[in-house]
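Note sheet for the following structure.
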Amino acid sequence: MSGSNHLESFVLFELAGSTCGVRSQAVQSVEMVEHITAVPNALSFVEGVTFTRGRVIPTINLRIRLGLPRIPIYPRARMLVVRSKDRTAAMLVDSTREFISIPADAIQPPGETMTGFSVKYVEGVATVGNRVVLIFNVGQVIEGIE
């Protein structure tokens with residue numbers, strides 16, 4: 001989103017048929033979905049909590065957070081354990097794709113007419129080859145999770 005040519009590293013993942021990404025510096029780990037414990041009276045997009053690397057953290061279903069339909073958790077689904085400021089959470093995604101470097105000047109602000117995802121959570125859109133990548137703001141996605 002700046003005018004320079006420096007490269008930024010991202011973890012790409014799939015969500016509802018779209019290629020999405022988060023800055024790799026925000027990702028602590030990528031894990032298989034094993035056991036998520038439901039929490040009574042949790043927010044609708046919080047699947048529950050999971051135990052990972054000695055900590056219990058909330059697990060956000062990114063589909064529900066973005067207003068997309070819930071689907072069963074398939075074997076390709078992954079949890080991206082992310083951190084923003086003092087919060088850590090797992091984001092449940094359809095699958096992970098790759099780590100990739102994207103030139104900063106290839107990332108543009110999301111368009112006002114962007115549909116399908118809540119623009120509140122998207123900080124930019126990048127074109128990588130023939131793919132469009134939605135770049136998510138991890139801080140916005142996990143905001144309000146305790």
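It should be emphasised that the depicted structure is a prediction, and the values quoted were computed from it without experimental measurement.
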Decide yes or no for [X] and [Y]: does some side-chain heavy atom of the first lie under 4.5 Å from some side-chain heavy atom of the second?
| X | Y | result |
| --- | --- | --- |
| Thr96 | Leu80 | yes |
| Leu92 | Ile73 | yes |
| Pro69 | Arg63 | yes |
| Thr88 | Arg55 | yes |
| Val122 | Ile135 | no |

Practice task
Can you sort out the partners of Ser84 under side chain to side chain contact (heavy atoms under 4.5 Å, CB included), two or more places apart, ordered by chain and number?
Solution key: Val138, Ile142

Problem - N/O donor-acceptor pair under 3.5 Å between Arg87 side chain and Glu143 backbone - result: no

Handout entry: Side-chain donor or acceptor of Asn137 paired with backbone N/O of Tyr121 under 3.5 Å
Key = no

Problem - Electrostatic pair Arg97-Glu14, nearest N-O below 4.0 angstrom - result: yes

Handout entry: Salt-bridge criterion met for Asp94 and Arg78 (N-O under 4.0 Å)
Key = no

Practice task
For Glu34 and Thr50, test the side chains for any donor-to-acceptor distance below 3.5 angstrom and give the result as yes or no.
Solution key: no

Exercise for the section: Determine whether the side chains of Gln25 and Ser9 contain a donor N or O and an acceptor N or O closer than 3.5 Å. Expected result: no

State, to 0.1 Å, how close [X] and [Y] come at their nearest heavy-atom pair, and which atoms those are.
| X | Y | value |
| --- | --- | --- |
| Ile64 | Leu68 | CD1-O, 3.7 Å |
| Asn61 | Glu47 | ND2-OE2, 2.9 Å |
| Ala89 | Ile60 | CB-CD1, 4.1 Å |
| Ala90 | Ile57 | N-CD1, 3.8 Å |
| Gln108 | Asp105 | NE2-O, 3.1 Å |
| Gly21 | Leu12 | CA-CD2, 3.9 Å |

Practice task
Only counting residues at least two apart or in another chain, list the ones meeting salt bridge (charged side-chain N to carboxylate O under 4.0 Å, His left out) with Arg83.
Solution key: none

When you group the ILVMFWY residues by side-chain heavy-atom contacts below 4.5 Å and let the links chain together, are [Y] and [X] in the same group?
| X | Y | answer |
| --- | --- | --- |
| Val93 | Met79 | no |
| Leu62 | Val27 | yes |
| Val82 | Val46 | yes |
| Leu66 | Phe45 | yes |
| Val30 | Val22 | yes |

What's the separation between atom [atom1] in [X] and atom [atom2] in [Y], rounded to the nearest 0.5 Å?
| X | Y | atom1 | atom2 | value |
| --- | --- | --- | --- | --- |
| Leu15 | Phe136 | CG | CZ | 6.0 Å |
| Leu7 | Ile100 | CG | CD1 | 10.0 Å |
| Ser95 | Tyr74 | OG | OH | 12.5 Å |
| Arg23 | Ile102 | CZ | CD1 | 9.0 Å |
| Cys20 | Phe13 | SG | CZ | 4.5 Å |
| Glu31 | Thr59 | CD | OG1 | 9.5 Å |

Exercise for the section: Please assess Arg53 against Ser29 for the test side-chain contact (heavy atoms from CB on, under 4.5 Å), listing each intermediate value before the final yes or no. Expected result: CA-CA 10 Å; Arg53 300 182 185 248; Ser29 63; 3.4 Å; yes

Problem - Arg76 CZ: over 12 foreign heavy atoms closer than 6.0 Å - result: no

